[in-house]
Each structure stands twice: as C-alpha cells, then as structure tokens.
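Below is one structure, written out as structure tokens; the observations come after it.
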Amino acid sequence: SKIKTTNSFSFIYNNAIPIKNIYLLMGEEKKLFKPEPMNFKDNNGIISFNFQFKKADTYPVRIVADNKELLQYYVEVEE
C-alpha cells in the first residue's frame, strides 16, 4: 500500500450478535501503535470500513472486533 491511499476492508460475520466496535492494532508486540478505532458499516452481516496507513514500513496489523482478534496480517506501506 502507499501512504495516504485509502484501503478498503470487509468481512462477513454471523450478525445474530451485533458488533459494537472495531479497531486496528498495528506494530510488533513491544512497539504497538495506539489502537485505531474504525468507523464501520454493518450491512446485514457484512462489515466494511476504510483506513489510510500513515507510516511507511512493514509491520503486523490486527483487526479486533469487540476485543476479539479476527485477523492478523503484515502490511508493507511505501511513500
């Protein structure tokens, strides 16, 4: 990804229990950035949100919903 490029995220979930909050955790365990709360949309069990990465580097990103980690991956952000 590039800095200031909007990245779109979406995933499907069982909407019997609505998700109340989603945030991104970025960085290594010893150097975590401040959690980034997401403004998300819930469209009948499909959650979607956008995010712009601000730091050029390669680091892990975790998507957390209602304090449960859903997904972890590495992102490479360039200038």
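Keep in mind that this is a model prediction, so the values were computed, not measured. Atom set for the values below is all heavy atoms of this structure, side chains included, hydrogens, waters and symmetry mates excluded.
Counting only residues at least two apart or on different chains, the salt bridge (charged side-chain N to carboxylate O under 4.0 Å, His left out) pairs with a member in residues 12-29 are E29-R62.
Chaining together hydrophobic side chains whose heavy atoms lie under 4.5 Å apart places Y73 alongside I3, F9, F11, Y13, I19, I22, L24, M26, F33, M38, F40, I47, F49, F51, F53, Y59, V61, I63, L70, L71, V75, V77. Side-chain heavy-atom separations under 4.5 angstrom define the hydrophobic clusters, and the remaining members of the one that includes V64 are Y23, L25.
For the 3.5 Å distance criterion, the side chains of N50 and S8 qualify, holding a donor opposite an acceptor.
With sequence neighbours left out, the side-chain contact (heavy atoms from CB on, under 4.5 Å) criterion links T58 to Y74, E76. Residues satisfying the salt bridge (charged side-chain N to carboxylate O under 4.0 Å, His left out) test with K41, not counting sequence neighbours, are none. Take P37 and apply the side-chain contact (heavy atoms from CB on, under 4.5 Å) test, not counting sequence neighbours, and it matches no residue.
Using a distance-only test at 3.5 Å, with no hydrogens or angles considered, no donor-acceptor pair links the side chain of N14 to the main chain of I17.
Distance CG/N21 to CG/N39: 11.5 Å, rounded to 0.5 Å. Here NZ of K4 is found 8.0 Å from CD of Q52. Values are rounded to the nearest 0.5 Å. Taken from CD in E79 to CG in D57, the straight-line distance is 10.5 Å, to the nearest 0.5 Å.
Summarising the geometry of D66 relative to P18, their closest heavy-atom pair is OD2-O, 3.8 Å, with the distance given to 0.1 Å.
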